[in-house]
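Read through the structure below, which is laid out as structure tokens, and then see the notes.
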Amino acid sequence: MDKYYEYPHTVGFEETNIVGNVYYVNYLRWQGRCREMFLKNHAPGIVAELQDDLKLFTLKVDCEFYAEITAFSELSIRMRLVELGQTQIEFGFDYVRLDPGGGETLIARGSQRIACMRGPNTRTVPARVPDALAAALEPYVLAGRGAR
């Protein structure tokens, strides 16, 4: 089984719509939050570089929904490395509902592609994925993927 970075989350009322199910935009927010927590926990040096001149531009996000969830659903957002290129990274995300009896239900699947950039805002250019970030991501390679 592939190893993944896991971000646990309990759905709150503010994340639901008038019908009571989770509003779709929250799935994308959770992708970003999962990525941020990964950086905080496994690549803190990258956080310092982000305060300097490194920028992580999100190029593409998507999410496919399989089941609805509501307030107080317990989730695990699981991030894997799909592809590590010279200047870009693609992540895969599984959204899993943790059932009270210990079971799990895949409720959605998404992906995100980011580009590493450096330089001032008016002259930002593509940059190589920092070695520290590549090393931190290595344990989370999706089986058969992730070659640099």
Side-chain angles (χ1 to χ4, degrees), residues 2-98 106-148:
D2 298 324
K3 186 176 176 190
Y4 48 80
Y5 175 77
E6 182 172 33
Y7 169 66
H9 182 73
T10 302
V11 176
F13 284 124
E14 74 278 5
E15 296 169 309
T16 63
N17 59 25
I18 197 161
V19 179
N21 58 351
V22 170
Y23 188 59
Y24 75 93
V25 75
N26 289 299
Y27 290 84
L28 304 182
R29 289 181 52 222
W30 298 335
Q31 282 185 17
R33 183 73 174 161
C34 184
R35 187 179 84 185
E36 291 167 2
M37 292 296 96
F38 172 83
L39 292 174
K40 177 183 181 268
N41 295 326
H42 295 285
I46 299 303
V47 175
E49 286 191 54
L50 288 167
Q51 294 170 348
D52 188 18
D53 76 335
L54 177 65
K55 296 165 180 64
L56 300 178
F57 285 179
T58 302
L59 303 175
K60 178 183 176 186
V61 296
D62 67 37
C63 194
E64 202 172 341
F65 306 99
Y66 308 126
E68 291 186 351
I69 53 175
T70 57
F72 304 117
S73 293
E74 298 288 335
L75 301 179
S76 171
I77 295 95
R78 297 173 179 172
M79 183 181 81
R80 292 181 178 85
L81 175 64
V82 174
E83 182 182 351
L84 177 60
Q86 290 187 10
T87 62
Q88 294 185 14
I89 303 167
E90 184 174 346
F91 298 107
F93 295 88
D94 288 344
Y95 301 81
V96 178
R97 182 179 57 225
L98 306 175
L106 180 66
I107 58 160
R109 184 167 276 155
S111 67
Q112 185 177 117
R113 178 168 282 279
I114 66 166
C116 294
M117 308 286 278
R118 289 194 184 268
N121 288 339
T122 57
R123 293 187 322 245
T124 304
V125 296
R128 290 187 68 83
V129 173
D131 290 339
L133 180 54
L137 289 168
E138 192 61 36
Y140 303 98
V141 174
L142 189 59
R145 312 280 291 276
R148 196 168 207 194

Interatomic distance, Asp94 atom CG to Glu6 atom CD [nearest 0.5 angstrom]
11.0 Å

Approximate separation, where rounding is to 0.5 Å, of Gln88 CD and Arg128 CZ:
13.0 Å

Is a donor on one side and an acceptor on the other found under 3.5 Å between the side chain of Asn26 and the backbone of Glu15?
yes

To the nearest 0.5 Å, what is the distance between CD1 on Ile46 and CG on Leu56?
8.0 Å

Which is it for Arg35 and Thr58 under the side chain to side chain contact (heavy atoms under 4.5 Å, CB included) test, yes or no, and what are the steps along the way?
CA-CA 11 Å; Arg35 187 179 84 185; Thr58 302; 3.3 Å; yes

Spell out, as yes or no, whether a donor-acceptor pair under 3.5 Å connects the side chain of Asp62 to the backbone of Ser111.
yes

Gly92 versus Val82, closest heavy-atom pair with distance
N-CG2, 3.4 Å

Does the plane of the ring in Trp30 sit parallel, tilted or perpendicular to the ring in His9? Use 30° and 60° as the thresholds.
tilted

Once you round to the nearest 0.5 Å, how far does SG of Cys34 lie from OH of Tyr5?
6.0 Å

Would you say the side-chain atoms of Lys55 pair up with the backbone N or O of Gly119, donor to acceptor, closer than 3.5 Å?
yes

As an exercise, state the distance from OG1 of Thr70 to CZ of Arg97, rounded to the nearest 0.5 Å.
8.0 Å

Minimum-distance pair of heavy atoms, taken over all atoms of Pro130 and Leu54:
CG-CD2, 4.0 Å

Contact summary for Ala136 and Phe38, nearest pair of heavy atoms:
O-CZ, 3.5 Å

Over all atoms of both residues, closest heavy-atom pair of Thr16 and Phe13:
OG1-O, 2.7 Å

Which heavy atom in Gln112 sits nearest to a heavy atom in Phe93, and how many Å separate them?
CB-CE1, 3.7 Å

Closest approach of Ala134 to Leu84 (non-hydrogen atoms, all atoms of both residues)
CB-CD2, 3.7 Å

Below 4.5 Å, heavy atoms only, C-beta onward: do Ile107 and Val22 meet side chain to side chain?
no

Taking atom CD1 of Ile114 and atom CZ of Phe57, what is their separation to the nearest 0.5 Å?
11.0 Å

Under 3.5 Å, is there a donor-acceptor pair linking the side chains of Glu64 and Tyr27?
no

Assess whether side chain to side chain contact (heavy atoms under 4.5 Å, CB included) is satisfied between Tyr140 and Arg78, documenting all intermediate values.
CA-CA 10 Å; Tyr140 303 98; Arg78 297 173 179 172; over 6 Å; no

Give a yes or no on whether a salt bridge exists between Lys60 and Glu90, defined as a side-chain N under 4.0 angstrom from a carboxylate O.
no

Evaluate the side-chain proximity of Gln31 to Tyr95: yes if any heavy-atom separation is below 4.5 Å, no if none is.
yes

Do side-chain atoms of Glu74 reach the backbone of Pro8 as a donor and acceptor pair under 3.5 angstrom?
no

May I ask you to test the Pro44-Leu39 pair for a side-chain heavy-atom distance under 4.5 Å?
no

